[in-house]
*Asks:* 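Below is one structure. I have some questions about it.
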Amino acid sequence: GDDDQVGIATKTRAKPKKPSQFKVLMLNDDYTPMEFVVMVLKRFFHMDLEQATRVMLHVHQKGVGVCGIFPYEIAETKVNQVMDFARQNQHPLQCTLEKA
Ligand code: NFA
């Protein structure tokens, strides 16, 4: 290492890592009401009505869509918040993480 008295240099320095980003994905299903999905996108992803409606329709038509991209811990929290809120309201809405 850099402190070695003799010998070849070795890598011992701490390498700062960029925080890796994760996409929060929303999955389509046949049962969750469109209005509920729009509410979720507004409440947990701070979208306005127009943006939330656009993302909801994208998920409805394509099967999956991106709600946002966040550092791991925040993405994980959002997934848990959405899944808890959906379960509390007895909707099967699913959310997941994917490395960006
Ligand atoms: N496909 C659902 C319906 O027709 C709406 C929906 C959109 C559900 C996006 C989940 C995600 N009621």
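Numbering of ligands and ligand atoms starts at 1, following listing order.
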*Asks:* Is Asp30 in polar range of ligand 1, meaning some N or O pair under 3.5 Å apart?
*Replies:*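 Checking ligand 1 against Asp30, no N or O pair falls under 3.5 Å apart.
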*Asks:* One residue to check: Leu93. Relative to ligand 1, which of side chain, backbone, both or neither has a non-hydrogen atom less than 4.0 Å away?
*Replies:*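 It is the side chain that touches ligand 1; the backbone stays farther off.
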*Asks:* My understanding is that only one of Lys23, His58, Met26 makes a side chain to side chain contact (heavy atoms under 4.5 Å, CB included) with Val66; could you say which?
*Replies:*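 Testing each of Lys23, His58, Met26 against Val66, the sole residue satisfying side chain to side chain contact (heavy atoms under 4.5 Å, CB included) is Lys23.
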*Asks:* Report the nearest protein non-hydrogen atom to atom 2 (C) of ligand 1: residue, atom name, distance rounded to 0.1 Å.
*Replies:*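 Result for atom 2 (C) of ligand 1: Asp29 O, 3.2 Å.
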*Asks:* Is the closest heavy-atom distance from Leu27 to ligand 1 below 4.0 Å?
*Replies:*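 Yes.
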*Asks:* Would you check the N or O atoms of Tyr31, main chain and side chain alike, for any that come under 3.5 Å of an N or O of ligand 1?
*Replies:*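 It does not: no N or O of Tyr31 is found under 3.5 Å from an N or O of ligand 1.
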*Asks:* Just which atoms of ligand 1 are under 4.0 Å from any heavy atom in Met34?
*Replies:*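 Every atom of ligand 1 under 4.0 Å from some heavy atom of Met34: 5 (C).
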*Asks:* Determine whether a donor-acceptor pair (N or O, by modelled atom type, separation under 3.5 Å) exists between the side chain of Asp29 and the backbone of Tyr31.
*Replies:*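 Such a contact is found between Asp29 side chain and Tyr31 backbone.
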*Asks:* Can you tell me how the ring of Phe45 sits relative to the ring of Phe70, calling it parallel under 30°, perpendicular over 60° and tilted otherwise?
*Replies:*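 Answer is tilted, since the angle falls between 30° and 60°.
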*Asks:* Closest heavy-atom contact between Thr32 and Val37?
*Replies:*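 Heavy atoms of Thr32 and Val37 come nearest at CG2-CG2, 3.7 Å.
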*Asks:* For atom 6 (C) of ligand 1, what is the nearest protein heavy atom, given as residue, atom name and distance?
*Replies:*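 Result: Asn28 OD1, 3.4 Å.
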*Asks:* Between Val24 and Leu97, is any pair of side-chain heavy atoms under 4.5 Å apart?
*Replies:*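 SC-SC contact between Val24 and Leu97 confirmed.
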*Asks:* List the closest protein heavy-atom neighbour of atom 4 (O) of ligand 1: residue, atom name, distance to the nearest 0.1 Å.
*Replies:*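 That would be His60 CE1, 3.1 Å.
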*Asks:* Just checking Gln90: does its CD atom have more than 12 heavy atoms from other residues, nucleotides or ligands closer to it than 6.0 angstrom?
*Replies:*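 Open: at most 12 neighbouring heavy atoms sit under 6.0 Å from CD of Gln90.
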*Asks:* Is a side-chain N or O of Lys78 found less than 3.5 angstrom from the main chain of Phe44, in a donor-acceptor match?
*Replies:*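 Indeed, once roles are kept as given, a pair shorter than 3.5 Å links the two residues.
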*Asks:* Starting from atom 5 (C) of ligand 1, find the nearest protein heavy-atom neighbour and note its residue, name and distance.
*Replies:*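 Protein heavy atom at minimum distance: Thr32 O, 3.3 Å.
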*Asks:* Number the atoms of ligand 1 from 1 as they appear, then name those within less than 4.0 Å of a heavy atom of Val59, with their elements.
*Replies:*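 Those atoms are 9 (C), 11 (C).
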